[in-house]
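Below you'll find the structure, written out as C-alpha cells, and then a few comments.
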Amino acid sequence: MSIAALFSTDQQLPDHYLHMDEIEMKKRITDIKQQMGDRLFIPGHHYQKDEVIQFADARGDSLQLAQVSANQHAQYIVFCGVHFMAETADILTGKQQKVILPDMRAGCSMADMADDQQTMEAWEQLTSYFGDTLLPLTYVNSTAAIKAFVGKHGGATVTSSNAKKMVKWALAQKQRLLFLPDQHLGRNTAVELGISLKQMAVWDPIAKKLEYDGNRENIRIVLWKGHCSVHENFTTENIEQVRQHHRNMKIIVHPECTYEVVQQADLAGSTKYIIETIQNAPAGSEWAIGTEMNLVNRIIKQHPDKHIISLNPFMCPCLTMNRIDLPHLLWTLEELQRDHVPNQIIVDENIAENAKLALDRMLAQS
Ligand code: 13P
Ligand code: SF4
C-alpha cells in the first residue's frame, strides 16, 4: 500500500450488508443515486463486475477515467476501480471534493512492484551510468509517490492507450527512458516505435541491478521489472491452441501481456480499443480475447452474433478489481447519505503536487 494510503481512513464493511438481498441492494443504490443527484459521481473501470458497473455514471479505460475525473465537479466521487485510479482522481480534483474507494483492499499488484525507496535507488544507480540522458515515465498503474517522483524529474504518466505517443514525446527530450513499473507495456510500446530489444535493458529492483549484455551506451529504454499478475497468465501455448482449433479466429490482447504473446496476437490495445474493435467487427466474426475476465464475459454477452472466447480458458477475474461489489458500494453510499465519508483517498499535498505535473503532461498530449 502506498504512503498516500496512510493518510486515508480505512473502514470495513459491516457484516449485515453481506446477507442482504441483491434486489434490495440494487433498489437502495438506485434510490440513493437519485436523491444525491449531482453531488455524487461514480466512475467505473471496464474490469469492474457487472453488478457494480451497471451503476457507473461513466465507464472507461484508465485514460478516460482520469480525463472524466479531471473535469468532475461532484462533491463525492465513489471510484469503482483500484487504489491507484482513486489516487489519480484525488490528485486531479479540487480540495473540496472527496474521492472514496468502497473497499481499501482494492489495490493493484503491479502498482505495488515499485515503491519510492526502490525507485530512488534505481535512479541513483542509473544516473551514475547515464548522467543526464535519462527521463522517467510511469504507467498510471503506479502509486501516487511514483508519479510524484516522475513528475519531479520532468517525466510523465502513460496509459495503455497513449503509451506510444508518450514514449515518442519522452524520447524527443532525452536520449533514454526509465519505464515503470510494467516491463511488458514498456517493451511492447518501444518495439512498436522501432526500438530493438537489444536497445532495452531491465532494472531488477530486488537485486538492484541492471540486466543487460553488451555496451550500456546502446541502451535506449530501461524497463522496470514489474508485471501484471493477471495478464502474465496469457501464454504463447494459449495462442497455439487457438490457432490450431479455430482457424478463422482473430486474437486481440492487452499490451500488459508479454512481448511474445503480443507479437503472436493479431491485435493489441487498451480495454477501450478491445471493446471498440469487437463492436466494429462484422457479425459472425471470431475472437479470442486476452484480458481480464469480467470484461471478456461482458463483451461475450453483448455480442451474441459473434463467436468470442477468452484466450486462456482458465482465466480468473482481477481479484483486486473484484473487491468492489454490491455490498461495498451500497454501504459507501449509505454512509455518504448519513454525511459520513468512509475510505476517503487523500494523497499527501506534496506528493499530489508533483504527481499532478506528471499527469498534466500526459493529459496535455492526450
Ligand atoms: P486500461 O483500461 O487503461 O487499458 O488498463 C487496464 C488495466 O490494467 C487497469 O488496471
Ligand atoms: Fe493491476 Fe493487473 Fe488488476 Fe490491472 S488487471 S488492476 S494491472 S493487477
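Since this is a predicted model, take the numbers as computed values, not measurements. In listed order, ligands and their atoms are each counted from 1.
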Glu211/Lys225 salt bridge by N-O under 4.0 Å criterion: yes
Cationic N near anionic O, under 4.0 Å, Glu240 to Arg243: no
Short side-chain donor-acceptor distance under 3.5 Å, Asn215 and Glu217: no
No-hydrogen, no-angle side-chain donor-acceptor test under 3.5 Å, Ser270 and His254: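 Result is no, nothing qualifies.
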Validation row, ring centre Trp287 to ring centre His307 under 6.0 Å: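 Centroid separation for Trp287 and His307: 6.0 Å or greater.
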To which protein heavy atom is [atom] closest, and what is the distance rounded to 0.1 Å?
| atom | result |
| --- | --- |
| atom 3 (Fe) of ligand 2 | Cys318 SG, 2.4 Å |
| atom 2 (Fe) of ligand 2 | Cys228 SG, 2.4 Å |
| atom 6 (C) of ligand 1 | His254 NE2, 3.4 Å |
| atom 8 (O) of ligand 1 | Glu256 OE2, 2.8 Å |
| atom 3 (O) of ligand 1 | Ser62 OG, 2.9 Å |

Structural part of His45 in contact with ligand 1, heavy atom criterion under 4.0 angstrom: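 Contact part for His45 vs ligand 1: side chain (C-beta onward).
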Region of Met85 that comes within reach of ligand 1 [heavy atoms, distance under 4.0 Å]: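 It is the side chain that touches ligand 1; the backbone stays farther off.
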Check: Thr235 main-chain N/O paired with Asn238 side-chain donor or acceptor under 3.5 Å: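 Yes.
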Nearest-option assignment for atom 8 (S) of ligand 2, heavy atoms, candidates Ser109, Ala111, Gly226, Gly107: Ser109
Candidate with minimal heavy-atom separation from atom 10 (O) of ligand 1, of Asn141, Ile274, Val158: Asn141
Test item, Thr159 contacting ligand 1 (heavy atom, 4.0 angstrom): no
Proximity flag Lys272 to ligand 1, non-hydrogen atoms under 4.0 Å: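 Lys272 does not count as a contact of ligand 1 under the 4.0 Å cut-off.
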Sub-4.0 Å atoms of ligand 2 with respect to non-hydrogen atoms of Asn141: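 Going through ligand 2 atom by atom, the ones under 4.0 Å from Asn141 are 7 (S).
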Ser160, any N or O under 3.5 Å of ligand 1 N or O: yes
Under 3.5 Å: N/O of Thr271 near N/O of ligand 1: yes
2.8 Å cut-off met by an N, O or S atom of Cys108 to atom 1 (Fe) of ligand 2: yes
Glu256 touching ligand 2 at heavy-atom level, < 4.0 angstrom: yes
Heavy-atom side-chain contact between Ile278 and Ile308 under 4.5 Å: yes
Ser285 and Lys250, any side-chain heavy atoms less than 4.5 Å apart: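 Lys250 vs Ser285: side chains apart.
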Inter-residue atom distance Ile221.CD1 - Phe179.CZ, 0.5 Å rounding: 8.5 Å
Aromatic Tyr129 / basic Arg216 pairing, under 6.0 angstrom, 45° off normal: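 Yes, Arg216 lies over the aromatic ring of Tyr129.
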